[in-house]
Trainee: 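Here it is: the structure, laid out below.
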Number of protein chains: 2
Amino acid sequence: MLSSAEFARERYGYQMVTIPSRHKRATIHDVAVEAGVSRGTVSRVVNDEPYVSASARTAIEAAIEKVGYVPNNAARSLVMQRSEAVGFIVHEPHSLFLDDPNIGGILLGANTVLSHSDYQMVSLVIDSQRDTDRVARYLSGGFVDGVIIVSARREDPITQVIEKLRLPAAFVGHPPEQSPLPFVGIDNRASARAITKRLMQTGRKRIGMVAAALDRDSGADRLAGFTDALGDRFDPALVARVPLYTFTDGVRGMCALLEHDPLIDGVFAASDAVAAGALEALRHAGRSVPGDVGIVGFDDSSWALRTQPHLSTVHQPAFGLGERAAECVLGQLRGEEQPADGILLETPIIWRDSA
Amino acid sequence: MLSSAEFARERYGYQMVTIPSRHKRATIHDVAVEAGVSRGTVSRVVNDEPYVSASARTAIEAAIEKVGYVPNNAARSLVMQRSEAVGFIVHEPHSLFLDDPNIGGILLGANTVLSHSDYQMVSLVIDSQRDTDRVARYLSGGFVDGVIIVSARREDPITQVIEKLRLPAAFVGHPPEQSPLPFVGIDNRASARAITKRLMQTGRKRIGMVAAALDRDSGADRLAGFTDALGDRFDPALVARVPLYTFTDGVRGMCALLEHDPLIDGVFAASDAVAAGALEALRHAGRSVPGDVGIVGFDDSSWALRTQPHLSTVHQPAFGLGERAAECVLGQLRGEEQPADGILLETPIIWRDSA
DNA sequence: ACCTAGTCTGTGTACGTTCACAGAAAACCC
DNA sequence: GGGTTTTCTGTGAACGTACACAGACTAGGT
């Protein structure tokens, strides 16, 4: 079959120009002419303002329908100095982005709130230095009125751009240190302490932890909470440190713990994915769960119900975090005062079968 | 600790105005004045055009640095009639969005290609009628130069808007029928046929399928491929139909199959999540895999390595689909001719332990 | 008939850029 | 030195909208 360009050459003997003929869009002026009124009146109808006669209104509405008019956002945001859009910045390498059980929920929560206020969410994934520059330009360019940031890095150039522009923002998780920007998060330390205590109540004697992502606040706080809970009974040798919140690192961490102390009977895994990996390692080593070893996770993600047995874990309110972050940004946009010290959401402990 | 508003009241005795003082941004004109040249020359430097003297260039660069100038994208896209952004539309209910193993990969693939060409990706999640209207307005408003659409619906108003605006677009999966728009996808039918044949080669006698999402092309095609492969041996009674590509529906579908024919020894599950559910049901029924029953999935998602045993499955090149879709849109933006009949990507069969 | 208040409409300007054009200055060639 | 080309710079117009302002028309009261 011929492509349309080839067809045109065969049939009409000329080279078809393939520049996409971007439909020339109707402007407010076209509507005005069609309806026999002025730009101002059309503008009033479009923006639902008073002081328009019934006859003009109907004529304009008909004209809008006829010429297929849609307001040009670029022009509007140029003159209004705002874009009705909020950026959602995810600063994760691609592999983590796919695995992270929370980002999707946060994104949807934020999107729900924003779209309810007729704001558009623009999501920006940063994976390289090049991305950082591009996103920084994008933010500076006035395409968004505010920003929600997931998992910011320390000394993040993006954060600096935001502060410089005084762009309304909200962090999910902890903001970079000394940043005056508001955040929404959970108390990782208290949550880790609570679930570790609950695990201790099941009568376990030798409790260890697979600690992950210690270079982040969340990872470090979960380890701190674990340490808090054990108090005198804390044994640094029973902590396996792995770099990421992943299944594979869970397997590795659990293997290390078993090797160091085969009698271990309780494990706090830094995330559900880590816990799932730990379960795999235990199954391999022939230990039963929760019979021989009790294990608890963190996140209450989709992992928790996919494992056998189902995981006891800390519920992380991802959707709620997204909602609150969006509300925080919208509040700033409306000029409301925001709590400077951040918002912490509840993290109920979900007790299932793994401990 | 006092909030900044309270601090101001205490310290200076007045009520602080909390309207966020959006930093007045420097314009091209400010730079021109600072550097002692005209707007035009500054514009030439910013856009890297020739015919600028060395002295003017250095003066302007210093001025840009000094006043902190960043071009205003709204003004730029107004005059240039383009935004350097491409929309990524996901038309799924929230619950599916979180579970779908492919969307994340498609998104990252598209983002990689787009950002490499200095395009911005704007992702738009549609979950309700209200969202549809908002996104339609957004597209019409000229905020994006092109669109990538994942899982469009038939008679989709979004699709109609795109055709009306002649917006360069690419579908991932099948576009709505009779749509002239290009698409990138896989051959679900051929892939299903291939893996079913492979399953038959393992010597299974009674092969069934847990078919899901038959209201979509992908679901219907996978069932058709299964039917193709079995030929005369196809038994309609050995097909369990479930609504969604989910773990839970996999459990249900497998239970139905077992109830209908306890001697079943081979199963093609419409997706890996469905296969994982089927494994759960089989474990519950006391059947071993692959001993008693061989089972294969579809997608090669993260599920495939989380199950015990690991799944034999069809690899779906999610990242590649996203890349190709983005290339297709960028090609149209450059005015290149695109293949009208769509692009199908390879789907290698990954043979592991479940069959 | 006059004034006033309320309702409605059109016009000019601004938003911050790019681009075409015109002109100035420099460089080059006979 | 005069012409031609090349390099460089400034200016005015446009992009499509919102908003302030001025003016016209209507209605109601004296």
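Proteins get letters first, then strands, A, B, ... in listed order; numbering begins at 1 in each.
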Trainee: Can you check whether B/A74's main-chain N or O pairs, donor with acceptor, with B/N72's side chain at less than 3.5 Å?
Mentor: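 Yes.
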Trainee: Identify, between B/S53 and B/V79, the residue whose nearest nucleotide on DNA chain D lies closer to the 5' end.
Mentor: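 First, find each residue's nearest nucleotide; the 5'-ward one identifies B/S53.
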Trainee: I need the CD1-C1' distance between A/I28 and D/dC19, as an integer number of Å.
Mentor: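 Checked: the CD1 to C1' distance equals 12 Å.
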Trainee: Could you tell me the separation between the CG atom of B/L78 and the C1' atom of D/dA13, rounded to a whole number of Å?
Mentor: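 Atom CG in B/L78 sits about 13 Å away from atom C1' in D/dA13.
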Trainee: Can you tell me if the side-chain N/O atoms of A/S77 get under 4.0 Å from OP1 or OP2 in D/dT17?
Mentor: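 No, outside the criterion.
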Trainee: With respect to the phosphate group of D/dT17, does any side-chain polar atom (N or O) of A/S43 fall under 4.0 Å of OP1 or OP2?
Mentor: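 No, no such contact exists.
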Trainee: Check every atom of C/dT17, C/dC15, D/dG10 against the side chain of B/R44 and return the nucleotide holding the closest atom.
Mentor: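 From the listed options, D/dG10 comes nearest.
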Trainee: Between atom OH in B/Y69 and atom C1' in C/dG16, what is the gap in whole Å?
Mentor: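 Roughly 7 Å, once rounded to whole Å.
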Trainee: For B/D145 and B/S83, indicate whether the former's side chain and the latter's backbone hold a donor-acceptor pair under 3.5 Å.
Mentor: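 Checking the backbone N and O of B/S83 against the side chain of B/D145, a donor-acceptor pair under 3.5 Å is found.
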Trainee: Atom CZ of A/R82 and atom P of C/dG16: how far apart are they, to the nearest Å?
Mentor: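 For the pair A/R82 CZ and C/dG16 P, the rounded distance is 15 Å.
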Trainee: Base of C/dG16, side chain of B/R25 - is there a donor-acceptor contact under 3.5 Å?
Mentor: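 Flag unset: no donor-acceptor pair detected.
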Trainee: Write down the distance between CG (B/D30) and P (C/dG16), rounded to a whole number of angstrom.
Mentor: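 Taking CG of B/D30 and P of C/dG16, I get 8 Å after rounding.
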Trainee: Measuring from atom OG of A/S115 to atom CG of B/L124, what distance do you get when rounded to the nearest 0.5 angstrom?
Mentor: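 Taking OG in A/S115 and CG in B/L124, the distance rounds to 11.0 Å.
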Trainee: Under 4.0 Å between any heavy atoms, over every strand shown, what does A/P50 touch: base, sugar-phosphate, or nothing? Just pick one.
Mentor: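 If one applies the 4.0 Å heavy-atom cut-off, A/P50 turns out to touch nothing in the nucleic acid.
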Trainee: Please report the distance, rounded to the nearest Å, between CG in B/N72 and C1' in C/dT18.
Mentor: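 My rounded result for the distance is 13 Å.
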Trainee: If only side-chain N and O atoms of B/T41 are considered, is one of them under 4.0 Å from the OP1 or OP2 phosphate oxygen of D/dG10?
Mentor: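 The answer is yes; a side-chain N or O of B/T41 sits under 4.0 Å from OP1 or OP2.
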Trainee: Run the salt-bridge test on A/R137 and B/D118 with the 4.0 Å N-O cut-off and return the result as yes or no.
Mentor: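 Judged by the 4.0 Å cut-off on N to carboxylate O distance, A/R137 and B/D118 do form a salt bridge.
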Trainee: Which residue, B/N47 or A/S38, contacts DNA chain C at a nucleotide closer to its 5' end, judged by nearest heavy atom?
Mentor: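 Residue closer to the 5' terminus by nearest nucleotide: A/S38.
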Trainee: Assign A/V46 to base, sugar-phosphate, or nothing according to its heavy-atom contacts below 4.0 angstrom with the strands shown.
Mentor: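 A/V46: no heavy atom of the nucleic acid under 4.0 Å.
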Trainee: By nearest atom, which of the nucleotides D/dG10, C/dT9, C/dT17 is closest to the A/Y51 side chain?
Mentor: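 It is C/dT9.
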Trainee: Taking the side chain as every heavy atom from C-beta outward, state whether A/P182 and A/Q332 have any atom pair closer than 4.5 Å.
Mentor: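 With C-beta onward as the side chain, the pair touches.
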Trainee: For the base of C/dT13, is there a side-chain donor-acceptor partner from A/R39 under 3.5 Å away?
Mentor: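 Per atom types, the contact qualifies.
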Trainee: Between C1' on D/dC8 and CD1 on B/I60, what's the gap in Å once rounded to a whole number?
Mentor: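 Result: 11 Å.
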Trainee: Of the nucleotides D/dG16, D/dT9, C/dG10, which one has an atom closest to the side chain of B/Q81?
Mentor: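 Selected nucleotide (nearest to the side chain): D/dG16.
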Trainee: Between B/V46 and B/I64, does a side-chain contact (heavy atoms from CB on, under 4.5 Å) hold up when you go through it step by step?
Mentor: CA-CA 9 Å; B/V46 171; B/I64 286 175; 4.1 Å; yes
Trainee: How many whole angstroms separate atom CZ of A/R76 from atom P of C/dG16?
Mentor: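 These atoms are roughly 18 Å apart.
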Trainee: What is the nucleic acid contact for A/A56, judged by heavy atoms within less than 4.0 Å: base, sugar-phosphate only, or nothing?
Mentor: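 Sugar-phosphate, backbone atoms only, no base.
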Trainee: Considering only side-chain heavy atoms of A/T27, which listed nucleotide, C/dC19, D/dG16, C/dG16, is closest?
Mentor: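 Looking only at heavy atoms from C-beta outward on A/T27, the closest nucleotide is D/dG16.
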Trainee: Taking the side chain of B/M80 as heavy atoms from C-beta outward, which of C/dT18, C/dA14, D/dC8 is closest to it?
Mentor: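 Shortest atom-to-atom distance from the side chain points to C/dT18.
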